[in-house]
Amino acid sequence: MIRRIARLWRQKETKEQDMADLETLLQKLDRTRIPKHIAIIMDGNGRWANSRGLPRYFGHKAGVESLRDIVRACSELKINVLTVYAFSTENWKRPQEEISILMDLLVEYLHKEIDELCDEGVRVNPIGKLEELPESAIKALKMAVERSRENEGLILNLALNYGGRAEIIEAVRAIVAKVKAGDLSVEQIDSNIISEHLYTSGQPDPDLLIRPSGDFRISNFLLWQLAYTEFWYTPVMWPDFRRIHLVNAIIDYQGRDRRFGGLKKNDKTT
Ligand code: FPP
């Protein structure tokens with residue numbers, strides 16, 4: 001009993017400390033240079049659960065809590081687009097039980113959150129080969145898209161059955177079809193045309209990519225769109241990732257010198 005009270009007290013102290021740290025960090029944030037588009041590879045759910053002796057399911061469930069917090073934070077920070085990698089074209093290789101759990105969590109998330117997402121002005125925008133998802137997921141996504149269609153705040157790109165290569169292949173096919181039909185000439189194909197045929201058409205490319213869990217891979221995520229994106233990695237597992245980490249990432253991003261292949265402002269030219 002005493003140990004339990006001590007643990008709860010420690011948790012309360014940690015939470016209070018986190019809130020104080022977050023307040024300090026928020027003061028360092030330059031509100032005029034908030035990234036327009038943030039992309040996140042929500043990684044580490046399985047390891048988070050395993051390190052606690054729990055089945056992987058618990059990691060995914062805890063990961064949904066992180067998603068809730070980060071969506072709210074991005075909305076409050078007036079970020080235009082948040083893209084989260086929720087299920088890749090390669091994730092079908094996982095055991096059927098885990099796939100079903102992930103799809104059930106998605107359906108549950110959409111039904112539970114849609115009211116609050118709409119209150120915050122969030123527009124749900126699934127991206128990927130959605131037609132290959134289970135019927136229950138397709139139905140829940142249609143509901144969320146329909147309910148949030150008119151919202152003008154944060155665009156939440158949910159990458160589901162998403163693969164960067166598959167996305168580029170689809171774009172190439174659509175462009176070739178237009179060329180064949182005489183609606184587009186080969187000479188007209190440039191990077192704008194390619195961008196317009198991606199799932200993220202009309203959106204700015206990500207300014208910042210966040211990958212939790214200590215891995216340093218792109219994992220077939222937004223291969224075209226990440227060309228000039230700033231990367232930020234952390235060993236924190238996704239289920240432990242909270243707005244304090246997000247704000248840290250943005251502050252770090254604000255300190256970067258983005259040159260897009262050019263030179264720094266004060267660089268000597270000769
Ligand atoms: C990667 O962790 C995570 C996923 C494959 C799924 C991400 C899903 C969620 C955060 C929750 C459900 C999503 C929605 C939209 C409700 P991993 O399982 O590969 O972890 P590991 O690398 O530690 O094994």
Side-chain angles (χ1 to χ4, degrees), residues 38-75 81-117 120 122-130 132-134 136-145 147-148 154-164 166 199 209-222 233-243 245-246:
I38 295 184
I40 306 183
I41 299 178
M42 304 187 289
D43 197 16
N45 297 349
R47 278 164 284 168
W48 182 91
N50 287 342
S51 68
R52 286 163 175 75
L54 297 167
R56 293 174 61 83
Y57 161 76
F58 285 87
H60 295 312
K61 205 166 160 49
V64 176
E65 290 309 314
S66 305
L67 180 62
R68 279 200 184 102
D69 189 43
I70 295 310
V71 170
R72 213 167 292 151
C74 286
S75 182
V81 188
L82 169 67
T83 303
V84 289
Y85 208 1
F87 194 87
S88 76
T89 43
E90 288 71 38
N91 285 153
W92 298 109
K93 292 179 199 155
R94 296 191 177 203
Q96 187 51 48
E97 198 193 346
E98 182 167 344
I99 295 173
S100 299
I101 284 167
L102 283 168
M103 295 300 154
D104 289 350
L105 283 174
L106 169 69
V107 172
E108 188 184 304
Y109 169 78
L110 293 170
H111 283 290
K112 270 196 185 162
E113 290 299 301
I114 192 64
D115 285 340
E116 194 174 328
L117 290 172
E120 287 168 8
V122 176
R123 177 149 69 84
V124 178
N125 185 46
I127 59 170
K129 289 191 168 196
L130 306 176
E132 291 172 4
L133 293 172
S136 58
I138 295 177
K139 221 170 126 198
L141 286 164
K142 276 190 182 150
M143 175 279 297
V145 168
R147 293 261 328 261
S148 65
L154 176 76
I155 297 172
L156 174 60
N157 288 335
L158 287 175
L160 290 156
N161 193 21
Y162 174 89
Y199 301 132
L209 170 72
I210 297 175
R211 180 157 194 158
S213 92
D215 282 334
F216 302 94
R217 286 187 288 273
I218 292 192
S219 302
N220 200 13
F221 191 40
L222 303 173
Y233 302 95
T234 172
V236 172
M237 299 287 154
W238 176 248
D240 286 329
F241 193 95
R242 289 293 179 273
R243 59 182 66 203
H245 305 106
L246 176 78

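One is the number of the first residue; the rest follow in order along the sequence. Please read these numbers as outputs of a predicted model, since none were measured by experiment. First listed ligand is number 1; within each ligand, the first listed atom is number 1.
- For Ser219, the side-chain hydrogen bond (donor to acceptor under 3.5 Å, both in side chains) test picks out Arg211, with sequence neighbours left out.
- Counting heavy atoms closer than 4.0 Å to ligand 1, residue Glu108 contributes nothing at all.
- Of all the atoms in ligand 1, the ones that sit under 4.0 Å from a non-hydrogen atom of Arg56 are 17 (P), 18 (O), 24 (O).
- Using modelled atom types, one side-chain atom of Arg52 and one backbone atom of Trp48 make a donor-acceptor pair closer than 3.5 Å.
- Proximity to Tyr109 (heavy-atom distance under 4.0 Å) selects the following atoms of ligand 1: 16 (C).
- Distances below 4.0 Å separate heavy atoms of Trp238 from the following atoms of ligand 1: 10 (C).
- Between Phe241 and His245, the ring-plane angle classifies as tilted under the 30° and 60° cut-offs.
- Taking every non-hydrogen atom of Met42 and a distance limit under 4.0 Å, the qualifying atoms of ligand 1 come out as 1 (C), 2 (O), 3 (C), 10 (C).
- Within ligand 1, counting atoms from 1 as listed, the ones closer than 4.0 Å to a heavy atom of His60 are 11 (C), 18 (O).
- Nearest protein heavy-atom contact of atom 12 (C) of ligand 1 is Val64 CG2, 3.8 Å.
- Side-chain N or O atoms of Asn220 include one that pairs as donor or acceptor with a backbone N or O of Gly164 at under 3.5 Å.
- Using a 4.5 Å cut-off on side-chain heavy atoms (C-beta onward), Asn157 and Tyr199 make no contact.
- At a heavy-atom cutoff of 4.0 Å, ligand 1 is contacted by no atom of Glu65, backbone or side chain.
- Comparing heavy-atom distances from atom 5 (C) of ligand 1 across Asp43, Asn91, Leu67 singles out Asn91 as nearest.
- Separating the CD1 atom in Ile138 from the CD atom in Glu132 is a distance of 9.5 Å, to the nearest 0.5 Å.
- Judged by the shortest distance from any of its heavy atoms, Arg94 lies inside the 4.0 Å radius around the atoms of ligand 1.
- The nearest protein atom to atom 9 (C) of ligand 1, hydrogens excluded, is given as Asn45 ND2, 3.6 Å; this is a heavy-atom distance.
- His60 places no side-chain N or O within donor-acceptor distance of the main-chain N or O of Tyr57, the cut-off being under 3.5 Å.
- Contacts between Trp48 and ligand 1 below 4.0 angstrom, taking non-hydrogen atoms only, are absent altogether.
- Separating the CZ atom in Arg242 from the CD1 atom in Ile70 is a distance of 7.5 Å, to the nearest 0.5 Å.
- A distance-only check finds a donor-acceptor pair linking the side chain of Asp69 to the backbone of Arg243 [under 3.5 Å].
- Looking at atom 6 (C) of ligand 1, its nearest protein heavy atom turns out to be Ala86 O, 3.3 Å.
- The single protein non-hydrogen atom nearest to atom 20 (O) of ligand 1 is Gly46 N, 3.0 Å, given as residue, atom name and distance.
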